[in-house]
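Residue indices begin at 1 and follow the sequence shown. No experiment lies behind these values; they were computed from the predicted model shown.
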Amino acid sequence: MENTLHEKVSQDILLKAYNHMMLAKAMADIYEENRNVTKYVHSTSRGHEAIQLATAYQLKKEDWVSPYYRDESILLGIGFEPYQLMLQLLAKADDPFSGGRSYYSHPSSRDENKPKIIHQSSATGMQTIPTTGVAQGIKYIQDFNLQQFENNPVVICSLGDNSVTEGEVSEALQFAALHQLPIIFLVQDNEWGISVTKEEARTCDAYDFVAGFTGLSRMRVDGTDFVESFEVMKKAVDFVRNERKPLVVCAKTVLIGHHTSGVRREFYRDEEDLAKHRAKDPGEILRNQLLESGVDEELLKQITKKARLEVEEAFEKAQNAPDPSPETVMQHIFAPTPITEEVGTREPEGGEKIVMVDAAIHAIQELMWKHPEALLYGQDVGERIGGVFRETVTLGKKFGSKRVFNTAIQEAYIIGSTTGMSAVGLKPIVEVQFADYIYPGINQLITEISKSNYLSNGKFPVSNIIRVPIGAYGGGPYHSGSVESILANIKGIKIAYPSNAADFKGLLKAAYYDPNPVIMLEHKGLYWSKVPGTEDAKTIEPAEDYVLPFGKGKVIIEADKGETEKGRTILVITYGMGVYWAKEAAKNFNGRVEVIDLRTLIPLDEELVFERVKAHGKCIVLTEEQLNNSFAEAFAHRISKNCFKYLDAPVETMGSLDTPAVPINLVLEKEMLPNAEKLAAKIEEMLRN
């Protein structure tokens, strides 16, 4: 037995694994013994230690790994100390992952001597898309020779078997298989999904499930046996490191601890089930193997005793560590942007007017010529048609199919993959075909993208641009929706909503250089200036160096100062198509209407708005969205609160009727939407009163 065991895995590695298993066991025991102290919800790796350590030991500093919330043994295996993990357990200021903001075993790390870890959330399975984005980014970097690596990087995405049933996991598997990405999906199957059994949750395990993904290799392993796990994971990592192809490893594990400290095993498991799982304790299996191979029992006892003492000392030290300072709570919502001032030439001498859709094409083209880390993907954006609005036409031909390419109908993947792409230093520009179809990607926007910078304590801002054609005019109920209120409720993303070509080009350039996630809402009715009254959306094309910072609104029509001094003027605050309704309506009032184009919704130029509201005393917030519970109503409240003593009348809002969708019939659509005539009537009423 001794020769057989050591031929497979060296004794040094076996003893290292046993030590880590004893540390993991001691940590779980101490957390359980100190439930009054370990008050924040946490999971432990008990029952999963063998496969997790076997995985961790294969990884190099160039690699990336996404551990899920039960993967503390992976963290121990790649070099984190119990004390560091406990700082997160107790939400302390020096928690190296989140600064006391996130749960235990929710890591993020850029440690240059360890595998890198993007922000990890609690949402089961959701890490598969961002992590596949990391692998996608590494493939891109190697294809274009943008960075040299000592070893080919391998990406590992760890997840529980029950989470494989989620649709977004399939999107990741599909993309990895289709594009042959260097990633291992490590599925740890302990047969439980909280209190849901495998019989209740799935028709088959992950190994059988992924059989239909052509190009995706797969392996099985007993994840409770460290020796077998080490051998399998070595083969798996070597395969991906050398072949640059994706692989699924299905590891059978057991759940010895609780699901979490908040959902305890006695709530839902009987003694028979617990006994079955305890019989496969990885630590006991390895201990018996070591004894059979001739390792002295006293040595193993000493390792166990030392592990307990180490953990006790670490726990006491962690308890005494300082909590975060309250004033840090607002740090890292956004990463600082270098774009704070308008620069460059907005109207070059002799310049020609262009439509907004050409501003998009030209801006992206200029950025991609200059920055090899920029790439563009989404549905139908490739060379054949260049977007359903022809908004990327010619780009595929100019930059090739590795930099401008089509994806499947996978809004979650399109959006969520930008997290991983950004983490490895790329700048993904992606497109959702219509605003109405952004909803499948909302999970990734909220769970992963918006929280990444905040919960990684500033380590992983997501630098991306998400282009979203928006707005009505003949598109019907699934191609005409306005979604800005939903998006504005997601904290941690920025939103632009340009109304003309010059603003669009300047804002898109600012978005590129901004290290934060940016959504560009692009009104499809303004793309070509074909809607009557939108001719001014065409502007002289700014020079390549023109950049327009976010959070800077603009007065596009000034009221007559004399009329304002007499208290006879009103302010209209709007954006997007509303700009053109406001400009048309203002023609009826001879200097008595001032109009602000917000240009960006997050950040919002409140300073400009409040200043002009105080000057006029009356205002309307105009939107194309349905009004009830909208961004416009929320902003109107803020205006009322901050400008109350200057107001001559309540702040009014105007928007679409509160229908569930935009009807396709043009008569009904017109009745639903605001327009210049409706706005003029509202302005007249307010000025008269």
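The backbone N or O of Lys554 sits nowhere less than 3.5 Å from a side-chain atom of Asp597 that would complete a donor-acceptor pair. Remark: side-chain polar atoms of Asn457 are not paired, donor with acceptor, to backbone N or O of Pro96 under 3.5 angstrom. Under a 3.5 Å cut-off, the side chain of Ser109 and the backbone N or O of Ile117 do not form any donor-acceptor pair. A side-chain donor-acceptor contact under 3.5 Å links Glu594 to the backbone of Ala559. At least one donor-acceptor pair closer than 3.5 Å links the side chain of Arg599 to the backbone N or O of Lys552. For Thr600 (side chain) and Ile495 (main-chain N/O), no donor-acceptor pair under 3.5 Å exists by modelled atom type. Side chain of Asn453 to main chain of Asn516: no donor-acceptor pair is present (N/O by atom type, distance under 3.5 Å, no hydrogens or angles). Between the side chain of Thr534 and the backbone N or O of Val531, at least one donor-acceptor pair lies under 3.5 Å. Side-chain atoms of Lys459 come within 3.5 Å of backbone atoms of Ser456 as a donor-acceptor pair (strictly under, hydrogens ignored). Remark: the backbone N or O of Pro542 is paired with a side-chain donor or acceptor of Lys505 at under 3.5 angstrom.
Annotation: the span from Asp358 atom CG to Thr394 atom OG1 amounts to 9.0 Å, rounded to 0.5 Å. One distance of note links CG of Asp536 with CG of Asn500; it measures 8.5 Å at 0.5 Å rounding. Between the CD atom of Glu168 and the CD1 atom of Ile415 there is a distance of 9.5 Å, given to the nearest 0.5 Å. The structure places CZ of Phe399 at 9.5 Å from CG of Leu376, a figure rounded to the nearest 0.5 Å. Interatomic distance, CD of Gln410 versus CD of Gln174, reported as 6.0 Å (0.5 Å rounding).
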- Applying salt bridge (Lys or Arg N to Asp or Glu O under 4.0 Å), run through Lys353 and Glu541 and close with a yes or a no. CA-CA 6 Å; Lys353 284 190 173 184; Glu541 180 174 10; over 6 Å; no
- side chain to side chain donor-acceptor pair (under 3.5 Å) assessment of His106 paired with Ser122: CA-CA 8 Å; His106 283 59; Ser122 290; 2.5 Å; yes
- Task: Applying side chain to side chain donor-acceptor pair (under 3.5 Å), run through Ser482 and Gln626 and close with a yes or a no.
- Result: CA-CA 8 Å; Ser482 291; Gln626 293 89 335; 5.8 Å; no
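In this structure, Leu598 and Ile573 have side chains that are in contact, with non-hydrogen atoms separated by less than 4.5 Å. Here the side chains of Tyr377 and Asn406 are not in contact, with every heavy-atom distance at 4.5 Å or above. In this structure, the side chains of Leu455 and Phe97 stay at 4.5 Å or more apart for every pair of heavy atoms. Ile429 places none of its side-chain heavy atoms less than 4.5 Å from the side chain of Asn464. Looking only at side-chain heavy atoms (C-beta outward), Leu508 and Leu367 come within less than 4.5 Å of each other. Counting heavy atoms from C-beta on, the side chains of Glu166 and Thr124 come closer than 4.5 Å.
Sorted pairs that involve residues 626-636 and meet salt bridge (Lys or Arg N to Asp or Glu O under 4.0 Å), not counting sequence neighbours, are lacking altogether. Identified under the ring-ring contact (aromatic ring centres under 6.0 Å, His included) test for residues 408-430, with sequence neighbours left out: Phe175-Tyr413. Pairs engaging residues 477-512 under the ring-ring contact (aromatic ring centres under 6.0 Å, His included) rule: His371-Tyr512, Phe434-His479, Tyr437-His479, Tyr497-Tyr575 [sequence neighbours left out]. Within the structure, salt bridge (Lys or Arg N to Asp or Glu O under 4.0 Å) contacts touching residues 442-456 (residues at least two apart or in different chains) do not occur. Judged as a salt bridge (Lys or Arg N to Asp or Glu O under 4.0 Å), the pairs with a partner in residues 508-521 (not counting sequence neighbours) are, in order, Glu366-Lys509, Lys494-Asp514.
Every residue meeting the side chain to side chain contact (heavy atoms under 4.5 Å, CB included) condition with Ser98, not counting sequence neighbours, appears here in chain and number order: Gln88, Asp95, Arg101, Ser102. When the side-chain hydrogen bond (donor to acceptor under 3.5 Å, both in side chains) test is applied to Gln148, the partners found at least two apart in sequence or on another chain are Asn145. Contacts of Phe334 classified as ring pair (Phe, Tyr, Trp, His ring centres under 6.0 Å), with partners at least two apart in sequence or in another chain: none. When the side chain to side chain contact (heavy atoms under 4.5 Å, CB included) test is applied to Leu673, the partners found at least two apart in sequence or on another chain are Ala472, Tyr473, Glu624, Ser656, Glu669. Under the ring pair (Phe, Tyr, Trp, His ring centres under 6.0 Å) criterion, His616 pairs with no residue, sequence neighbours left out.
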Please report, to 0.1 Å, the donor-acceptor pairs under 3.5 Å made by any side chain of residues 337-346, with sequence neighbours excluded.
residue: Thr337; atom: OG1; partner: Ile339; partner atom: N; Å: 3.2
residue: Glu342; atom: OE2; partner: Tyr546; partner atom: OH; Å: 2.5
residue: Arg346; atom: NH1; partner: Asp503; partner atom: OD1; Å: 2.8
residue: Arg346; atom: NH1; partner: Tyr546; partner atom: OH; Å: 2.8
residue: Arg346; atom: NH2; partner: Asp503; partner atom: OD1; Å: 2.9

All N/O donor-acceptor pairs, side-chain side in residues 125-135, below 3.5 Å, sequence neighbours left out:
residue: Gln127; atom: OE1; partner: Gly125; partner atom: N; Å: 3.2
residue: Gln127; atom: NE2; partner: Ser158; partner atom: O; Å: 2.7
residue: Thr128; atom: OG1; partner: Gly125; partner atom: O; Å: 2.6
residue: Thr131; atom: OG1; partner: Ser66; partner atom: OG; Å: 2.7
residue: Thr131; atom: OG1; partner: Gln127; partner atom: O; Å: 2.6
residue: Thr132; atom: OG1; partner: Thr128; partner atom: O; Å: 2.6

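For the residue pair Lys427 / Ser463, a side-chain donor-acceptor distance below 3.5 Å is found, with atom types taken as modelled. In summary, the side chains of Arg403 and Tyr140 do present a donor paired with an acceptor at a separation below 3.5 Å, with no hydrogens or angles considered. Judged purely by distance below 3.5 Å, without hydrogens or angles, the side chains of Glu411 and Gln444 never pair a donor atom with an acceptor atom.
Minimum interatomic distance between Ile490 and Ser450 (heavy atoms only, all atoms of both residues): CG2-CB, 3.5 Å. Considering all non-hydrogen atoms of both residues, Cys157 and Ile183 come closest at CB-CD1, 4.3 Å. Between Gly458 and His332 the shortest heavy-atom distance is CA-ND1, 3.5 Å. The two residues Val651 and Cys619 come nearest to each other via the heavy atoms CG1-SG, 3.6 Å. In terms of heavy-atom proximity, Gly578 sits nearest to Leu622 at O-CD2, 3.5 Å. Of all the heavy atoms in Thr419 and Val462, the pair that sits closest is CA-CG1, 3.8 Å.
Annotation for Lys402: atom NZ does not count as buried by contact number, only 12 or fewer foreign heavy atoms lying within 6.0 Å. Heavy atoms of other residues, nucleotides or ligands lying less than 6.0 angstrom from CG of Leu146 number more than 12. Counting non-hydrogen atoms of neighbouring residues, nucleotides and ligands closer than 6.0 angstrom, the CD atom of Glu327 exceeds 12 such neighbours. Within 6.0 Å of the OH atom in Tyr103, the count of heavy atoms belonging to other residues, nucleotides or ligands does not exceed 12.
Using a 4.0 Å cut-off between a side-chain N of Lys or Arg and a carboxylate O of Asp or Glu, Arg467 and Glu522 qualify as a salt bridge.
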